[in-house]
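Quick notes on the structure that follows.
Counting from 1, the numbers follow the sequence of the chain as shown. Side-chain atoms are counted along with the backbone in the values below, which use heavy atoms only and exclude waters and symmetry mates.
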Amino acid sequence: MAGVLRAERMWVETFAGLRVDQFGRLLKAVRERGGEGCGWGRPWRLPLAERVLLVAVYYRTNLTMRQLAPLFGVSPATVCRVIQRLGPLLALEPARAATDAAERLWIVDGTLVPGRDRKIGASSRNYRFSANAQVIVDAETRLVVAAARPVPGNMADAKAWRDSGLAAHCKGVTVLGDGAYINTGLIVPHRRRPGRPLLKGEEEDNAQHRKVRARVEHTFSRMKNYKVLRDCRQRGNGLHHAIQAVARMHNLALTA
């Protein structure tokens with residue numbers, strides 16, 4: 001059975017949300033990480049470019065494997081194997097220490113990702129089973145710097161941040177957080193005390209803080225154009241791999 005989707009300009013831009021040159025950089029990274037395979041056993045039916053496109057389409061559309069199979073002319077089992085094999089290879093590269101760290105401004109926040117795996121998710125304030133993913137975003141470029149492994153959605157952002165290990169990426173960098181990150185070492189808004197209104201300067205600081213911190217919400221909105229982050233059906237490490245891959249594709253989509 002012949003498939004419909006191919007690694008061509010029209011299909012890549014329509015279904016993956018990336019230009020052909022951006023998709024080419026993603027393909028190159030996957031190839032360098034060993035995406036071609038281990039060199040033994042039965043060869044893949046699809047070439048590497050179409051397998052990478054399959055994973056990108058899965059994350060972008062959140063179609064089931066039965067729905068993706070006829071689009072690429074393979075079986076649902078093959079779709080599953082491709083996603084499990086290549087999903088981790090699309091992951092965001094680890095953040096490197098910035099040479100101009102003192103001049104950088106990063107923003108951290110957590111976003112809730114609805115999921116089906118109850119070993120990872122928990123009933124949270126949006127009344128669904130979800131996981132909390134802590135993400136660092138560069139305030140100037142809106143690129144994702146790093147994303148932590150998801151934790152249960154009912155965990156407070158401050159604890160999720162402390163447990164995430166992301167603080168190690170932020171040495172020397174100014175990092176903003178909202179009021180949920182109090183006592184974490186991040187820059188948070190001034191708090192209004194009972195019977196003590198904020199001073200004028202504190203209100204102005206809070207207004208500027210909100211204006212800058214809104215950029216992380218804009219980033220989450222763009223990332224959730226990849227519908228896997230609206231209802232993830234993956235189990236185990238699948239959600240973590242999906243978040244990392246979406247972060248990388250989001251960054252590619254923002255680069256020239």
Okay, side chain of Q22, backbone of L252: is any donor-acceptor separation there less than 3.5 Å?
yes

If you define the side chain from C-beta out and look only at heavy atoms, does anything of F23 sit under 4.5 Å from L53?
yes

Are L105 and V137 in one and the same hydrophobic cluster, where Ile, Leu, Val, Met, Phe, Trp and Tyr link if side-chain heavy atoms are under 4.5 Å apart?
yes

Interatomic distance, C232 atom SG to Y226 atom OH [nearest 0.5 angstrom]
15.5 Å

To the nearest 0.5 Å, tell me how far T174 OG1 sits from W106 CH2.
10.5 Å

Atom CZ of R191: over 12 foreign heavy atoms under 6.0 Å
no

Find out whether V113 and P150 are in side-chain contact, i.e. whether some heavy atom of one side chain is under 4.5 Å from a heavy atom of the other.
no

Determine the minimum heavy-atom distance between D138 and R104, stating which atoms define it.
OD2-NH2, 2.9 Å

Locate the shortest heavy-atom distance separating D117 from G236; write the atom from each residue and the value.
OD2-N, 2.8 Å

For the atom pair NZ (K159) and CG (N132), what is the distance rounded to the nearest 0.5 Å?
12.0 Å

Is the side chain of H250 donor-acceptor paired with the backbone N or O of R142 at a distance under 3.5 Å, no angle test?
yes

Counting neighbours of CZ on R235 that are heavy atoms of other residues, nucleotides or ligands and sit closer than 6.0 Å, is the number greater than 12?
yes

Reference residue P88; test side chain to side chain contact (heavy atoms under 4.5 Å, CB included); the match among R33, H240, H241
H241

Taking V144's backbone N and O only, do any of them form a donor-acceptor pair with N251's side chain (distance below 3.5 Å, no angle check)?
yes

Please check: side-chain N/O of R51 versus main-chain N/O of V82, any donor-acceptor pairing under 3.5 Å?
no

Look only at the side chain of R60 and the backbone of T14, and say whether a donor-acceptor pair between them is shorter than 3.5 Å.
no

Could you please spell out the steps behind the side-chain contact (heavy atoms from CB on, under 4.5 Å) verdict for Q67 and T61?
CA-CA 11 Å; Q67 292 168 328; T61 65; over 6 Å; no

Of the non-hydrogen atoms in A69 and S75, which two are nearest, and what is the gap between them?
CB-C, 3.7 Å

Transitive ILVMFWY side-chain link M10 to V20, under 4.5 Å
no

Search all heavy atoms of T111 against all heavy atoms of K224 and return the closest pair with its distance.
OG1-NZ, 2.8 Å

How long is the span from the CH2 atom in W44 to the CD atom in E50, to the nearest 0.5 Å?
13.5 Å

Steps toward side-chain contact (heavy atoms from CB on, under 4.5 Å) verdict (V108, V216):
CA-CA 7 Å; V108 65; V216 72; over 6 Å; no

Heavy atoms of other groups near E202 CD, more than 12 under 6.0 Å:
yes

Checking H209 side chain against I187 main chain: does a donor-acceptor pair fall under 3.5 Å?
yes

Which heavy atom in G87 sits nearest to a heavy atom in V55, and how many Å separate them?
CA-CG1, 4.3 Å

Do F220 and V212 land in one hydrophobic cluster if side-chain heavy atoms of ILVMFWY residues count as linked below 4.5 Å?
yes

Determine, step by step, whether L71 and F15 satisfy the side-chain contact (heavy atoms from CB on, under 4.5 Å) criterion, reporting the C-alpha distance in whole Å, the side-chain angles of both residues, the deciding distance to 0.1 Å, and the verdict.
CA-CA 12 Å; L71 293 178; F15 285 93; 5.5 Å; no

Return the minimal non-hydrogen interatomic distance between L112 and G153, and the atom names on each side.
CD2-O, 3.7 Å

Rounded at 0.5 Å granularity, tell me how far CD1 in I83 sits from CG in L54.
5.5 Å

Contact between L5 and L68 at the side-chain level, heavy atoms closer than 4.5 Å - yes or no?
no

How long is the gap from OG on S164 to CG on D157, to the nearest 0.5 Å?
10.5 Å

Salt bridge flag under 4.0 Å for residues R116 and D231:
yes

Between D109 and Y181, is the side-chain contact (heavy atoms from CB on, under 4.5 Å) condition met? List the steps.
CA-CA 9 Å; D109 201 2; Y181 292 90; 3.9 Å; yes

State, with a plain yes or no, whether a side-chain heavy atom of W11 is found less than 4.5 Å away from one of V57.
no

Which hydrophobic side chains are connected to M155, either touching it within the sub-4.5 Å cutoff or through other members that do?
V151

Begin with the C-alpha distance, continue with both residues' side-chain angles, and end with the deciding distance and a verdict on side chain to side chain donor-acceptor pair (under 3.5 Å) for R81 and T78.
CA-CA 5 Å; R81 287 194 293 271; T78 298; 3.2 Å; yes

In plain terms, say whether R31 and E36 are close enough for a salt bridge, that is, a side-chain N and a carboxylate O under 4.0 Å apart.
yes

